[in-house]
Asks: 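Structure below; questions to follow.
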Amino acid sequence: MPTPANPGRLVMERIPSKSADLSEWYQAVCYQAELVSQAPVRGCLVLRPYGMGLWERLVAELDRRFKETGHENAYFPLLIPESLLLKEAEHVEGFAPEVAWVTEGGTEKLTERLAIRPTSEVIVGVMYAEWIQSYRDLPLLINQWANVMRWEKRTRPFLRTAEFLWQEGHTAHATEGEAAEEVARMLEVYREVAEDVCGVPVYKGEKSPSERFAGANHTYSIEALMPDGRALQSGTSHELGQNFARAYDITFAAEDQTQQYAWTTSWGMSWRMLGALIMTHGDDRGLRIPPAMAPTEVVIVPIPRGDTTRLDEAARELYRACKAAGLRVKLDDRPGQSPGYKFNEWDLRGVPIRLELGNRDLDAGVATLVRRDRAVKEEGQKQQVPLGEVVAFIPTVLEQIQHSLTAQARTFLQDHTFATLDREEFFRLLRERAGMVDVPWCGRPECEAAVKEATSASTRNMREPARAERCVPCGEPARYQAYFAQSY
RNA sequence: CGGGAUGUAGCUCAGCUUGGUAGAGCGCUGCGUUUGGGACGCAGAAGUCGCAGGUUCAAAUCCUGUCAUCCCGACCA
């Protein structure tokens with residue numbers, strides 16, 4: 001098996017088996033499916049057109065929902081003066097180890113260092129202080145699509161890179177209750193996009209204090225489970241209380257004529273979600289992209305033999321018909337590659353439906369429709385569909401594929417979630433990296449630290465109430481029901 | 001930040017021990033035959049051997065330095 005001293009190695013060999021080595025498989029698929037390339041910069045990723053296509057699908061689905069829930073997009077600067085960053089103590093402490101700094105401009109050394117944003121609460125807070133004067137200015141509901149940078153020690157495509165693409169919502173409210181509602185609303189948007197669009201089932205819950213966002217009062221997350229039994233945090237939503245409002249002086253005149261600090265929130269989802277999608281659905285042949293997320297839903301592969309005049313015209317006609325029906329379709333009429341090569345390539349790229357069109361089909365007046373969610377030669381993988389009906393039939397099949405991929409993922413999550421009340425079994429499951437271990441928990445940081453020490457697993461998120469009296473790891477009174485797992 | 005490795009053609013690598021014409025496979029280009037699950041033949045293009053010094057008649061090869069990347073850990077969307 002290749003150990004990628006240079007990941008280009010993974011570009012030429014056939015991909016390794018997914019079950020044998022998830023990490024090898026994952027990297028090979030990311031490079032070979034042409035989602036990303038390694039950049040000549042440490043820790044950074046080049047998003048290739050196909051990867052960008054995936055990201056654009058996610059952006060479209062999220063952005064539509066943000067607008068529907070009353071948010072507007074804006075853009076804030078990449079750089080944050082050090083003095084501003086220092087104002088919220090907990091926040092600084094949390095991010096300090098991973099901030100990259102700009103110290104020179106042109107040939108001049110700067111008098112004040114500029115941080116490359118690891119997140120934008122600070123710069124947004126400063127502007128909100130200026131914009132918010134009255135309760136009539138609230139709520140202020142803004143989202144930004146941006147890149148951020150965190151000087152990560154160890155990186156993996158999508159899951160952890162120094163620079164990454166994400167969206168960050170920043171809102172300000174007159175009351176704590178409204179802020180709490182906002183945080184819950186956006187977490188639900190994330191759940192919906194993860195499950196209904198990406199086909200990645202998740203658990204919603206609150207983060208424990210040790211896993212909380214630096215400077216937040218409450219952090220909520222959605223957590224997915226990867227095939228190797230590790231959890232992946234896929235979206236977060238934070239109640240920042242009045243912490244940032246105090247640090248950056250975001251105050252407003254309330255209806256009762258008192259001056260008050262605003263209640264702020266922030267929430268984010270990154271291209272990490274794509275990593276979750278890739279690992280969740282992929283198989284030994286490569287990606288399997290849920291149709292709702294697929295940059296290309298249908299690919300047409302003509303099978304040339306002898307004179308191709310009739311075939312060329314039929315393929316173009318089929319392409320036009322798909323296009324007219326609003327499908328994201330590609331016609332692969334490259335002359336240089338054999339059909340078999342193309343089949344494998346499009347399988348690798350995870351396109352949900354392939355339409356094969358050859359003389360045999362044309363003579364019978366059909367196209368051969370091939371589903372990516374079925375194994376090669378599996379019952380139902382290929383079917384003949386009359387040419388006159390194929391375009392109308394495709395949406396039904398796409399929907400079936402979306403459902404079947406989602407159902408498989410949900411079954412996996414259920415089969416790898418263990419509710420136990422037995423202390424020994426709890427530790428054993430975590431050590432074996434069995435999946436999500438769902439137990440009554442006391443909520444004490446010391447208890448969580450002890451579990452981490454023993455198993456390298458920690459709480460992923462939690463909810464109330466506990467389903468039993470006693471905390472499973474330590475035996476103290478239980479307050480929460482918590483998912484424990486090893487994480488990415 | 002600790003431990004380990006690697007920089008030679010677009011990619012993966014050999015060559016270095018023992019200094020002496022720069023190599024292979026894949027990919028790429030051209031022509032021909034092919035094409036229903038990764039086709040084949042012939043011809044061809046392509047490299048300041050990471051960078052900087054040093055030793056030597058001569059350095060991909062030996063020495064010194066330097067830069068970069070990757071992997072494994074501890075920390076993190």
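Throughout, a chain's letter reflects where its sequence line sits, starting with A, and its residues are numbered from 1.
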Asks: Nearest-Å distance, CG (D21(A)) to P (C72(B))?
Replies: 10 Å
Asks: If you only use heavy atoms from C-beta on, which nucleotide in G36(B), C28(B), G37(B) is closest to the side chain of V376(A)?
Replies: G37(B)
Asks: Given the ring of W101(A), does R113(A) sit roughly above its face, with NZ or CZ under 6.0 Å from the centre of the six-membered ring and within 45° of the axis?
Replies: yes
Asks: Does T119(A) reach a base, just sugar-phosphate, or nothing at all? Heavy atoms under 4.0 Å.
Replies: nothing
Asks: Using the P atoms only, state how far A52(B) lies from G27(B), rounded to an integer number of Å.
Replies: 34 Å
Asks: With heavy atoms under 4.0 Å as the rule, sort E356(A) into base, sugar-phosphate or nothing.
Replies: base
Asks: Nearest to the side chain of P304(A), which nucleotide is it out of C76(B), U35(B), G37(B)?
Replies: U35(B)
Asks: Using a cut-off of 4.0 Å on non-hydrogen atoms, how would the nucleic acid contact of T161(A) be classed: base, sugar-phosphate, or nothing?
Replies: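 It contacts base atoms.
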Asks: State which of U35(B), C70(B), A39(B) makes the closest approach to the side chain of Q38(A).
Replies: C70(B)
Asks: Mark yes when over 12 heavy atoms from residues, nucleotides or ligands other than K382(A) sit less than 6.0 Å from its NZ; otherwise mark no.
Replies: yes
Asks: Determine the Euclidean distance between corresponding C1' atoms of A46(B) and G36(B); express it in Å to zero decimal places.
Replies: 36 Å
Asks: Taking a pair as Watson-Crick or G-U wobble with both distances under 3.5 Å, which nucleotide is matched to C28(B)?
Replies: G44(B)
Asks: Tell me whether the side-chain N or O atoms of E345(A) pair up with the base of G37(B) as donor and acceptor below 3.5 Å, since no angle test is needed here.
Replies: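 No, the side chain and the base share no sub-3.5 Å donor-acceptor pair.
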Asks: I'd like to know if R354(A) reaches the base of G37(B) with its side chain, counting only an N/O donor and acceptor under 3.5 Å.
Replies: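 It does, because a donor-acceptor pair links the side chain of R354(A) to the base of G37(B) below 3.5 Å.
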Asks: In whole angstrom, what separates E453(A)'s CD from A74(B)'s P?
Replies: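 Spelled out: CD on E453(A) to P on A74(B) is 11 Å.
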Asks: Report the distance from atom CD of E163(A) to atom P of C76(B), rounded to the nearest whole Å.
Replies: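 Rounded to whole Å, this separation is 22 Å.
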Asks: Ring centres under 6.0 Å, that's the criterion: do W271(A) and F164(A) meet it?
Replies: no
Asks: Report which part of the nucleic acid K382(A) touches: base, sugar-phosphate, or nothing (heavy-atom distance under 4.0 Å, all strands).
Replies: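 Base contact.
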Asks: Do the ring centers of F95(A) and F213(A) come within less than 6.0 Å of each other?
Replies: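 That pair passes the under 6.0 Å test.
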Asks: For the residue pair R460(A) and Y483(A), would you count it as a cation-pi contact if the rule is NZ or CZ under 6.0 angstrom from the ring centre and within 45 degrees of the ring axis?
Replies: no
Asks: Any base atoms under 4.0 Å from E98(A), or only sugar-phosphate, or nothing? Heavy atoms, all strands.
Replies: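 Contact class for E98(A): sugar-phosphate only.
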Asks: Measuring only the P atom in each nucleotide, how far is C70(B) from C62(B)? A whole number of Å is fine.
Replies: 26 Å
Asks: Any strand is fair game: report the nucleotide pairing with U18(B) by Watson-Crick or G-U wobble, both distances under 3.5 Å, or none.
Replies: none
Asks: Remember a base hit wins even if backbone is also touched, and classify E168(A) as base, sugar-phosphate or nothing at under 4.0 Å, heavy atoms.
Replies: nothing
Asks: Base, sugar-phosphate, or nothing: which does G268(A) touch, judged by heavy atoms less than 4.0 Å apart?
Replies: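 Nothing, no nucleic acid heavy atom in range.
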Asks: Given the C1' atoms of A45(B) and U29(B), what is the spacing between them in whole Å?
Replies: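 Rounded to whole Å, the distance is 7 Å.
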Asks: Want to settle it: does F213(A) or S23(A) sit nearer the 5' end of RNA chain B, counting the closest nucleotide to each?
Replies: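 Looking at the nearest nucleotide for each, S23(A) comes out on the 5' side.
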Asks: Across all strands shown, which nucleotide pairs with A39(B) by Watson-Crick or G-U wobble geometry, both distances under 3.5 Å?
Replies: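 Partner of A39(B): U33(B).
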Asks: Check whether any side-chain nitrogen or oxygen of S338(A) sits under 4.0 Å from OP1 or OP2 of A39(B), and answer yes or no.
Replies: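 True: S338(A) side-chain N/O within range (under 4.0 Å) of A39(B) OP1/OP2.
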Asks: Using the C1' atoms only, state how far U69(B) lies from A59(B), rounded to an integer number of Å.
Replies: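 My reading of the C1' atoms in A59(B) and U69(B) gives 25 Å.
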Asks: With the 90 degree cut-off around zero defining syn, does U64(B) come out syn or anti?
Replies: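 Base orientation relative to the sugar is anti.
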Asks: Taking A22(B) as the reference, what is the distance to C16(B) when you measure between their C1' atoms (whole Å, please)?
Replies: 13 Å
Asks: Check whether NZ of the Lys or CZ of the Arg R285(A) lies under 6.0 Å from the centre of the six-membered ring of W25(A) and within 45 degrees of that ring's axis.
Replies: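 Geometry flag: not set, cation outside 6.0 Å or 45°.
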Asks: Distance check, C1' atoms only: A58(B) and U18(B), in whole angstrom units.
Replies: 16 Å
Asks: May I ask you to say what R334(A) touches in the nucleic acid, namely base, sugar-phosphate or nothing, with a heavy-atom cut-off under 4.0 Å?
Replies: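 Counting heavy atoms under 4.0 Å across all strands, no contact is made by R334(A).
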Asks: What is the distance from CZ of R230(A) to P of C76(B), rounded to the nearest Å?
Replies: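 For the pair R230(A) CZ and C76(B) P, the rounded distance is 14 Å.
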Asks: Taking G20(B) as the reference, what is the distance to U66(B) when you measure between their P atoms (whole Å, please)?
Replies: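 Going atom to atom, P in each nucleotide, I get 28 Å.
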Asks: To the nearest angstrom, how far is Q27(A) atom CD from C72(B) atom C1'?
Replies: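 So the CD-C1' distance, Q27(A) to C72(B), works out to 13 Å.
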Asks: Does C1(B) have a Watson-Crick or wobble mate here (both distances under 3.5 Å), and if so which one?
Replies: G73(B)
Asks: Excluding sequence neighbours, so at least two apart, what forms side-chain hydrogen bond (donor to acceptor under 3.5 Å, both in side chains) with Y26(A)?
Replies: none
Asks: Can you tell me if the side-chain N/O atoms of R305(A) get under 4.0 Å from OP1 or OP2 in U35(B)?
Replies: yes
Asks: Nearest-Å distance, OH (Y341(A)) to P (U35(B))?
Replies: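 Those two atoms, OH and P, are 19 Å apart.
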Asks: Using heavy-atom distances to pick each residue's nearest nucleotide on RNA chain B, tell me which of R360(A) and G336(A) is more 5'.
Replies: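 Residue closer to the 5' terminus by nearest nucleotide: R360(A).
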Asks: Is F164(A) stacked on the base of A77(B) when the test is centres under 5.5 angstrom and planes under 30 degrees?
Replies: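 So yes, this residue stacks on that base, both cut-offs being met.
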Asks: Can you tell me the distance, in whole Å, between the CD atom of E93(A) and the C1' atom of C75(B)?
Replies: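 In whole Å, C75(B) C1' lies 14 Å from E93(A) CD.
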Asks: Could you state the atom-to-atom distance from CZ of R150(A) to P of C75(B) in whole Å?
Replies: 17 Å
Asks: Between F66(A) and W267(A), does the ring centre distance come in under 6.0 Å?
Replies: yes
Asks: Applying a 4.0 Å non-hydrogen cut-off, can you work out what S270(A) is touching in the nucleic acid: base, sugar-phosphate, or nothing?
Replies: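 It contacts base atoms.
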